[in-house]
Student: 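Once you've had a glance at the structure underneath, I'll fire off some questions.
Quick caveat, the model's predicted, so the values are computed rather than measured. Numbering of residues begins at 1 and proceeds along the displayed sequence. Values reported hereafter were calculated over all heavy atoms of this structure, with side chains retained and with hydrogens, waters and symmetry mates removed.
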Amino acid sequence: MARHQAMEEELEREELRQMELNILPEHENEAEAVVEAVLFTMGGSVTLKQLATALDGDTKEAWQAVQMLKKRYETENRGMQIIELDNSFQMCTRSCFYENLIRVAAAPKKHILTDVMLETLSIIAYKQPVTKMEIEKIRGVKSDHAVNRLIEYGLVFEAGRLDAPGRPALFATTEEFLRRFGVGSTDNLPQINPEQAAEFKQEAEEELQYINTETDQRRTEDIGGKES
């Protein structure tokens, strides 16, 4: 009798464990496993179409599988997480474990973004695709160095050429930009209110005025030096 009761209790506990783990049908578990293997192996972002190809199914099936895997990682508090980037998915380490990783690996080189680079990056993010001439028109100063550094850091890339005389390059932000700033898409960037826009414009005008004044002063000094 006691043995029978113990067996029933064990069965009840097993049922509870299964409910807590939210065990899925075998084919759904297999789809999750395939998605997990692909994301882990590829390392970078993987499109829904690529996941569908791996599953030999359609994008709807791929989306359901990746969403279930994402939820499982979150509920089980795994060290990895699945993030979405412009309708693509990537497996990456949870940021809360970065310090643990640094303990066993050399600290990565951190790219420092200056105020000038952040200002240039903001213009590109909100106006993309945008030419260097447009960036300089908004900032009021040359931006070659800032744009080149942003490209070097992998935050900006040349997205094409404008169909205009000289065919100037068009610049846009990269997936690394989305990862660095924690947004899934450029559509999720915070909106700039009119007051902020006016403030940015005023700062740019003041900066331009300062530079022009400094340039005029140097020219005057050069002329005076030549005359003497």
Student: Report the C-alpha separation of Val147 and Phe171 in whole Å, then their side-chain angles, then the decisive distance to 0.1 Å, and conclude whether the side chain to side chain contact (heavy atoms under 4.5 Å, CB included) test is met.
Tutor: CA-CA 9 Å; Val147 172; Phe171 298 97; 3.9 Å; yes

Student: May I ask you to test the Phe157-Ile151 pair for a side-chain heavy-atom distance under 4.5 Å?
Tutor: no

Student: Between Ser143 (side chain) and Ala146 (backbone), is there a donor-acceptor pair under 3.5 Å?
Tutor: no

Student: Measuring only between side-chain heavy atoms, which start at C-beta, is Leu121 closer than 4.5 Å to Thr173?
Tutor: yes

Student: Of all the heavy-atom pairs spanning Leu178 and Leu85, show the shortest one and how long it is.
Tutor: CB-CD2, 3.9 Å

Student: Rounded at 0.5 Å granularity, tell me how far CG in Leu113 sits from CG in Leu155.
Tutor: 6.0 Å

Student: Which distance, rounded to the nearest 0.5 Å, do you find between the NZ of Lys49 and the OG1 of Thr59?
Tutor: 10.0 Å

Student: In terms of side-chain geometry, is the basic nitrogen of Glu119 or Arg139 positioned less than 4.0 Å from the acidic oxygen of its partner?
Tutor: yes

Student: OG of Ser95 to CD of Gln81: how many Å apart, nearest 0.5 Å?
Tutor: 6.5 Å

Student: A quick test of your reading: do over 12 heavy atoms of other residues, nucleotides or ligands sit less than 6.0 Å from CG of Asp144?
Tutor: yes

Student: I need the minimum non-hydrogen distance between Thr47 and Ser88, along with the two atoms involved.
Tutor: CG2-OG, 3.5 Å

Student: What distance do Lys70 atom NZ and Glu32 atom CD have between them, rounded to the nearest 0.5 Å?
Tutor: 13.5 Å

Student: Would you say Tyr126 ends up clustered with Ile138 if hydrophobic residues are merged whenever their side chains have heavy atoms under 4.5 Å apart, either directly or through other cluster members?
Tutor: yes

Student: How many angstroms lie between CD in Gln128 and CD1 in Ile135, if you round to the nearest 0.5 Å?
Tutor: 10.5 Å

Student: Say whether Leu170 and Val130 are linked into one hydrophobic cluster, either directly or through other cluster members, by side-chain heavy-atom distances under 4.5 angstrom.
Tutor: no

Student: What's the spacing between Asn87 CG and Ser185 OG if we round to 0.5 Å?
Tutor: 10.0 Å

Student: Which residue pairs pass the salt bridge (charged side-chain N to carboxylate O under 4.0 Å, His left out) test with at least one member in residues 171-182, sequence neighbours excluded?
Tutor: Glu175-Arg179, Glu176-Arg179, Glu176-Arg180

Student: Might you point out which heavy atoms bring Ala125 and Phe177 nearest each other, and give the distance in Å?
Tutor: CB-CZ, 3.8 Å

Student: Locate the shortest heavy-atom distance separating Gln90 from Gly43; write the atom from each residue and the value.
Tutor: NE2-O, 3.2 Å

Student: Could you check if a side-chain atom of Gln67 sits within less than 4.5 angstrom of a side-chain atom of Lys71, using non-hydrogen atoms only?
Tutor: no

Student: Is it the case that the side chains of Gln50 and Thr53 hold a donor-acceptor pair, with the cut-off being a distance below 3.5 Å and no angle test?
Tutor: no

Student: May I ask you to decide if Gly79's main-chain N or O and Arg94's side chain share a donor-acceptor pair within less than 3.5 Å?
Tutor: no

Student: Tell me who clusters with Leu69, hydrophobic residues only, linked when side chains sit under 4.5 Å apart either directly or through other members.
Tutor: Val34, Val35, Val38, Leu39, Phe40, Met42, Val46, Leu48, Leu51, Leu55, Trp63, Val66, Tyr73, Met80, Ile82, Phe89, Met91

Student: I'd like to know if Arg149 pairs up with Glu152 as an ion pair, taking the criterion as any Lys NZ or Arg NE/NH1/NH2 lying under 4.0 Å from an Asp or Glu carboxylate oxygen.
Tutor: yes

Student: Following the transitive rule for hydrophobic clusters with a side-chain heavy-atom cut-off under 4.5 Å over Ile, Leu, Val, Met, Phe, Trp and Tyr, establish whether Leu118 and Leu150 coincide in one cluster.
Tutor: yes

Student: If hydrophobic clusters are built from ILVMFWY residues whose side chains come within less than 4.5 Å, do Tyr153 and Phe181 share one?
Tutor: yes

Student: Between Ala62 and Ala52, what is the shortest heavy-atom contact and its length?
Tutor: CB-N, 3.7 Å

